[in-house]
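To start, the structure itself, in structure tokens.
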Amino acid sequence: GRDQGRTSTPTVALVAAAAGKPYHIDFGGHAAFQYAPDVANLFIRAARAEVQDAPALNVGGAAVSLSEWVTTIEEVLPEAKGLITHGDTELPFAYRVDNSGLVRLLGPVPETPIREGIRQSIEMFQDLLNRGLVKP
């Protein structure tokens with residue numbers, strides 16, 4: 001659901017695909033993706049957890065190449081084929097992180113598969129575009 005900043009561009013690409021507009025993600029390589037409802041679930045569980053101190057924990061997420069991201073958009077929404085492109089430069093961020101501390105604290109971490117998250121996001125953006133609540 002991010003729509004601001006450089007690392008938000010894969011989400012912006014979903015809006016563009018839903019609108020049938022071309023879009024270029026200006027980086028490539030791999031990134032860690034989390035589905036917003038999964039993260040919201042974790043925040044609620046964390047807020048209710050009995051915790052000592054203030055641990056710093058990693059959420060984790062699916063490590064996916066931008067090529068796979070774009071291909072999955074095209075599989076979910078065939079009419080978007082060729083609309084979404086990406087660059088080659090990998091951003092200097094870890095995309096594989098250990099979330100075992102979070103699992104120890106909260107139990108199993110929800111992880112919506114990338115294809116399902118992209119499908120649900122595109123459907124949501126199509127609805128929002130149709131209602132005039134977002135712009136391509």
Side-chain angles (χ1 to χ4, degrees):
R2 295 194 54 239
D3 63 0
Q4 301 294 312
R6 186 170 190 198
T7 59
S8 72
T9 57
T11 299
V12 177
L14 295 176
V15 177
K21 304 284 185 187
Y23 187 80
H24 181 73
I25 302 167
D26 71 347
F27 61 92
H30 291 79
F33 291 94
Q34 301 91 21
Y35 189 50
D38 293 345
V39 176
N41 173 292
L42 290 172
F43 272 110
I44 292 167
R45 288 168 50 197
R48 294 177 176 160
E50 293 187 28
V51 184
Q52 296 284 333
D53 304 315
L57 306 167
N58 293 313
V59 172
V64 175
S65 73
L66 270 290
S67 294
E68 182 181 346
W69 183 261
V70 170
T71 298
T72 304
I73 292 170
E74 293 173 347
E75 289 171 357
V76 168
L77 189 66
E79 57 268 34
K81 188 156 183 71
L83 290 178
I84 309 302
T85 58
H86 65 85
D88 296 324
T89 305
E90 188 151 354
L91 297 179
F93 304 121
Y95 58 88
R96 289 191 180 118
V97 295
D98 178 12
N99 69 352
S100 61
L102 186 65
V103 171
R104 278 193 302 279
L105 180 66
L106 301 179
V109 172
E111 192 172 304
T112 298
I114 289 294
R115 182 181 177 85
E116 183 61 18
I118 286 175
R119 185 192 64 74
Q120 289 181 24
S121 295
I122 287 174
E123 287 177 0
M124 177 194 61
F125 288 133
Q126 286 172 326
D127 177 58
L128 293 171
L129 285 158
N130 289 336
R131 294 191 295 151
L133 298 174
V134 296
K135 295 181 182 181

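Heavy atoms only, all atoms of each residue included: Glu75 and Arg115 are closest at OE1-NH1, 2.9 Å. Shown here for Ala18 and Gln126, the closest heavy-atom pair between the two residues is CB-CG, 3.6 Å. Counting all heavy atoms, side chain and backbone alike, His24 lies closest to Thr85 at ND1-OG1, 2.7 Å.
Of the possible donor and acceptor atoms, one in the side chain of Asp38 sits under 3.5 Å from a partner among the backbone N and O of Thr112. For the pair Arg119 (side chain) and Val76 (backbone), a donor-acceptor distance under 3.5 Å is absent.
Clustering ILVMFWY residues whenever any of their side-chain heavy atoms sit less than 4.5 angstrom apart, transitively, puts Leu128 in the very cluster that holds Val12. Follow the hydrophobic side-chain contacts under 4.5 Å out from Leu91 and you reach Phe33 in the same cluster. Clustering ILVMFWY residues whenever any of their side-chain heavy atoms sit less than 4.5 angstrom apart, transitively, puts Ile118 in a cluster other than the one holding Val39.
With hydrogens and angles left out, the side-chain atoms of Gln120 and Tyr35 include a donor and acceptor closer than 3.5 Å.
Residue Asn99 holds its CG atom at 12.0 Å from CG of Leu105, rounded to the nearest 0.5 Å. Atom CG of Leu14 sits about 10.0 Å away from atom CG of Leu77, to the nearest 0.5 Å. Note that NZ of Lys81 is 10.5 Å distant from CG of Leu83, once rounded to the nearest 0.5 Å. Rounding to the nearest 0.5 angstrom, the gap separating the CD atom in Glu111 from the CG atom in Leu42 is 10.5 Å. In this structure, NZ on Lys21 lies 12.0 Å from CD1 on Ile84, to the nearest 0.5 angstrom.
Inter-residue side-chain proximity for Leu129 and Pro136 is flagged as met; some heavy-atom pair is nearer than 4.5 Å. In this structure, the side chains of Ile73 and Tyr23 stay at 4.5 Å or more apart for every pair of heavy atoms. A 4.5 Å side-chain heavy-atom check between Trp69 and Ile25 finds at least one atom pair inside the cut-off.
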Which donor-acceptor pairs under 3.5 Å do side chains of residues 50-67 form with protein atoms, sequence neighbours excluded?
residue	atom	partner	partner atom	Å
Asn58	ND2	Asp98	O	3.2
Ser65	OG	Glu68	N	3.0
Ser67	OG	His86	NE2	3.1

